[in-house]
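First comes the structure, then the notes that go with it.
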Amino acid sequence: MFPPRWRFSWDRCTEVDLFTDRHTLSQAISAAAAEEPDADGSVLYGQLKGTVVGLKYYTGVVNKGEMVGLVREPQNPYDSNAVKVTNIYGSQVGHIKRQLAAAMAYVMDKTLAKVEGVVYSGTNNAFSMPVILSFWGKEENKNAVTEAMVRRGFKLDTGGIKLAGANQTSSNSPGAWTMASKKGLTTRLTANELKNAFDNLFEGLMESKDGEKEAAESVSTPLLLHQKQALSWMCARENKCALPPFWEKRGELYYNSLTCFSAKEIPERVRGGILADDMGLGKTLTTIALILTNFQKGKPLPVEKCEEQSSPRKASTKSQMVSKPEGSSSAGDGAGGSDTAAGSLCADSAKMEVICVDTPDVVEKADKSEKSAGKGKMKATKRKPKAPVLLEDLDFAAALCGSSSDTAFKKKKTTVKAGPSQSVESSIIESADDLSARTTLIICPLSVLSNWLDQFEQHVQADVKLNVYLYYGSERNRSKKFLSSQDVVITTYNVLSADFGNKSPLHGISWLRVVLDEGHVVRNPNAQMSKAVLDLKAQRRWILSGTPIQNSVKDLWMLVAFLRLKPFDAREWWNRVIQRPATQGEREGLQNLQTLVKCITLRRTKSSEVNGRPLVCLPEKTVCVEQVELSQPEREEYELARNEGRNTISRYMAEGTVLRNYADVLAVLMRLRQHCCHPDLLAKTSSDLGVAATPAELREHLIEKLRLVLASGSDEECSVCLDSIHLPVITHCAHVFCRPCIAKVISTEEETARCPLCRTEIKTNELVEFPQEEIEEENSANSVKWRTSSKVQALMGNLLRLRCEDSSIKCLIVSQFTRFLNVLETPLREHGFSFVRLDGTLSQKKRAQVIQEFQSSGADSPTIMLLSLKAGGVGLNLTAASHVFLMDPAWNPATEEQCIDRCHRLGQKRNVFVTKFIVKDSVEENMVKIQRKKQDLVEKAFGSTNTNRKTSRIDDIKALMEL
DNA sequence: ACCGCCGGGTGCC
DNA sequence: ACCGCCGGGTGCC
């Protein structure tokens, strides 16, 4: 039944596919898959004055000018056409009068229109009140809706409704807007202004946030000025009872100036926000400082100190954290069983005894298990029996109860004194916060896991024992008691969403704080991951992100929803009040968006200044392009492939089926790009993807396509989990997913499962995976006889020259093709370079090891890192390198920038040199041109229609293939 | 609801 | 009186 809509979505997905990075793809999918029609493109069909009846039966109240929700109530026993009227918090106000409800039910049930209501008068009436209804929807449904309403005796007014007694209405309401625009009071922004406004949304947010706060003494790294400011801001956001944006106190009531909603209770304050500092400004350090500095009631996190420094903390933490999964079952269970959530001690001093008695038991068990893991001296062995533990707990209790507790060592006297006062205070506090929450949960992409572990080691005083648990790996300890007794639990988005719905311990805990690192990765609200993230229980929530808005306002909703910014965490209110007005260029909407963002975000860029001085002084960065000429035989091969590809694509052009055959177009371009790097990158078998006649042939073709995708090792991500693909499988419609992901999709979709990308029907037994033998066979084939290529020569020339100039220089060699990295290993070895390699296939453990090895300054440390573009995307700290060689251009220049920023960031001491290799007269050159053109295009095409963006894609392909 | 609607009581002026 | 009119009971969907 969907064809028109799904065809449209398919086009949209695939066209994005090629020319922007994968984040955009997933976004396109999310837009296409979203159940409710996109609010952005809605037009106002007209308005109608209706009546809300039955007020006396419900408790929900509304104010003059307040927006109300209209909810179909098909199960109503009196009228299946019933339409319920609710206020912003979802309390029912009444019903729409019967006849009108019947008409509305028709258009609402057919999703021909979305109806929104605003109440301007009669809010104190006892029985009924008027409501202004606005009908919104897609342009193409306008007539159908208007006619359907007229048939039932309701005429949609398109000129704006005269509202008796509504002279000072809120101007954000659709009705008022219509009136205002008629009078010419509101002018819409031009596409360009709008674009600028979005770009600047996160700029200049430093306003009145310039207090400073010193970190707790358990933080060993001195904070830079801007980090102290961030810490101060974050503490304030966690502790202060400031009203959320748009809320104000009016007499006894709390009033939201945007929706005109008011409530007796104080709206749930948003404790947390978005730290959107540029990469490299130390978001991780600031967050660690926050964890240690701002525990309950603004006191530092009480931590145990180790007196003897006999064992290097590094080793102990490392083993504690990383080895946990292996030896954890016994240690974890033991700890889980006895380590009562520490915070509950405060309210109950009898319980405090329990932990004192129990703790040695923990020590014993943990001790045993860790010894058995053979990791030498462990955290638990250092844990002194009884007395220090008692001290810790007393101190902890003291911290909870607000007595001064600046050091981890406290005299018993102090804590005893805290005893009596605590019972009084706790009874007051308890209602507000769950003081037993101790743990901060950090969720991050796999690629930055090790960075977090490193940073905890690096920035926490060596003698402070911080319980950091890495919730990762199949042996992870799923005990809720154990987890909630930690100071910090770190996990990945994938683990979180894998656990979700599967009696996830992470969702059963009330966290003190949840931190989403690289928070912009969660943006598709329909993805399992997003649901998993939204479902977490926490007192305080933070989003860390270098790029909070990547493409549109739409992304912001996820962030707002995570922060529970009432009432915008409900999609309807977000769409009505923020997203639609903003995307349609209403100044008011944009202003509101700006205000909203401003209230919850701290963002500084590398170029921001504090007190007239730049935040950070980064060494200079020089980027140059080195043109590579192909050798005669390479050129001949290239031209051959190009002509072949041109024929294929011209045929599609002529047929007008380019976008339908995108997989093949992609394949052609991929092959050409591979030619530019090295001939061995090309898949070996049949290069012609003709029409498959037999099932065997089809399978062969699919494997071939899969091979292409995998060989790129680059920008492929699974559009279900939005992470890199594990256990890749290809569908008959030639889309690649993780096997577990697509299997889940197939099993959840009732009746017939459809491909998330193109909505073709898919079946489990039709999924094709890459034959295992072939992977091995190819690997061995590659190493048999090695040959060079022009690009390899160009790189080696540079490397050899550099080594002569200064043998301490370290380089990143970046390619999108992991196979190219394979190829490069041979000449590097030949010339005696010491190198490491980092790509998506590396396990977490190995990854951390590789980075540490590369970053170390030892004389025999590796000087070169082979880095796959994708793996180098976010979070990594590779400041040991000062030279970056980008072996092949990426579709999205931002990806390249991100990669360069791995080394051009805080902590870089040398000037950074970036060399981009581009093959002359090739698809690569055209890609660079398009990269540049795309920048302009984005500006011009902002707000343009899908159709002309599609045309520009086709134009791009023409340009790439020089057609 | 200071309405509309229903249905019973009532019936010249 | 198979009506009109009056006034009480009543009331979302």
Side-chain angles (χ1 to χ4, degrees), chain A residues 35-37 44-137 141 144-157 161-170 173-175 253 256 259-264 567 570-573 575-576:
Chain A
E35 281 301 316
E36 54 182 300
L44 180 64
Y45 298 157
Q47 295 177 303
L48 192 61
K49 195 166 163 179
T51 314
V52 187
V53 293
L55 303 186
K56 73 167 176 172
Y57 298 95
Y58 307 100
T59 50
V61 284
V62 286
N63 297 304
K64 242 185 188 165
E66 181 167 333
M67 297 183 173
V68 291
L70 300 162
V71 186
R72 277 284 288 118
E73 204 179 35
Q75 299 305 322
N76 189 304
Y78 302 96
D79 182 0
S80 61
N81 288 326
V83 176
K84 183 162 89 160
V85 180
T86 70
N87 70 16
I88 277 157
Y89 276 13
S91 313
Q92 181 163 6
V93 177
H95 277 107
I96 291 293
K97 222 168 139 69
R98 202 176 198 113
Q99 297 92 327
L100 179 53
M104 282 168 64
Y106 176 81
V107 294
M108 287 170 90
D109 292 350
K110 294 209 160 200
T111 61
L112 292 170
K114 284 211 291 187
V115 191
E116 300 178 352
V118 186
V119 173
Y120 292 103
S121 59
T123 48
N124 291 323
N125 292 0
F127 306 101
S128 70
M129 65 181 154
V131 58
I132 300 298
L133 303 169
S134 307
F135 290 68
W136 297 84
N141 293 333
V145 170
T146 311
E147 278 162 28
M149 294 306 290
V150 165
R151 264 204 307 281
R152 288 162 181 80
F154 298 98
K155 184 165 162 18
L156 289 185
D157 195 318
I161 291 183
K162 273 204 225 101
L163 305 162
N167 41 343
Q168 75 291 37
T169 54
S170 147
S173 58
L253 296 174
N256 184 307
T259 57
C260 295
F261 178 74
S262 70
K264 275 202 192 73
R571 210 36 199 270
E572 173 176 8
W573 303 112
N575 284 345
R576 269 181 81 170

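Letters go in sequence order (proteins before strands), and every chain restarts at 1.
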Side-chain (Asp79(A)) to main-chain (Asn81(A)) donor-acceptor, under 3.5 angstrom: yes
dA1(B): syn or anti, with syn meaning chi within 90° of zero?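 Glycosidic conformation of dA1(B): anti.
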Base of dC12(C), side chain of Tyr78(A) - is there a donor-acceptor contact under 3.5 Å? no
With distance as the sole criterion, do the side chain of Asp79(A) and the base of dC13(C) form a donor-acceptor contact below 3.5 Å?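 Answer no: no donor N or O sits under 3.5 Å from an acceptor.
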Is dC3(B) paired to anything, Watson-Crick or G-U wobble with both distances less than 3.5 Å, and if yes, which nucleotide?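 Paired with dG11(C).
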Euclidean distance, atom [atom1] of residue [X] to atom [atom2] of [N] [Å, nearest integer]:
X	N	atom1	atom2	value
Leu100(A)	dC12(C)	CG	P	17 Å
Glu73(A)	dC12(C)	CD	C1'	10 Å
Asn124(A)	dC2(B)	CG	C1'	17 Å
Asn125(A)	dC12(C)	CG	P	15 Å
Met129(A)	dC13(C)	CE	P	14 Å
His95(A)	dC12(C)	NE2	P	11 Å
Gln92(A)	dC13(C)	CD	P	12 Å
Leu55(A)	dC3(B)	CG	P	19 Å

What's the gap between dC5(C) and dA1(C) when it is taken at their C1' atoms, as a whole Å value? 12 Å
Taking dC13(B) as the reference, what is the distance to dG9(B) when you measure between their P atoms (whole Å, please)?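 Roughly 22 Å separates the two P atoms.
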Among Thr51(A), Val85(A), Asn76(A), side chain to side chain contact (heavy atoms under 4.5 Å, CB included) partner for His95(A): Asn76(A)
Phe135(A) pairs by side chain to side chain contact (heavy atoms under 4.5 Å, CB included) with which of Lys114(A), Met149(A), Gln47(A)?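 That would be Met149(A).
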What is the distance from atom CG of Asn87(A) to atom OG of Ser262(A), rounded to the nearest 0.5 Å?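 Rounded to the nearest 0.5 Å, the CG-OG separation comes out at 9.0 Å.
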Over all strands shown, is Ile96(A) touching base, sugar-phosphate only, or nothing at heavy-atom distances under 4.0 angstrom? sugar-phosphate
Classify Lys97(A) by what it touches in the nucleic acid, base, sugar-phosphate, or nothing, heavy-atom distance under 4.0 Å. sugar-phosphate
Could you check which of dC12(C), dA1(B), dC13(C) has an atom nearest any side-chain atom of Phe127(A)?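 Closest nucleotide among those given: dA1(B).
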For the side chain of Tyr57(A), starting at C-beta, report the closest nucleotide among dA1(B), dC13(C), dG11(C).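 Of all the options, the side chain of Tyr57(A) is nearest to dG11(C).
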What class does the angle between the rings of Phe261(A) and Tyr89(A) fall in, given that below 30° is parallel, 30 to 60° is tilted and above 60° is perpendicular? tilted
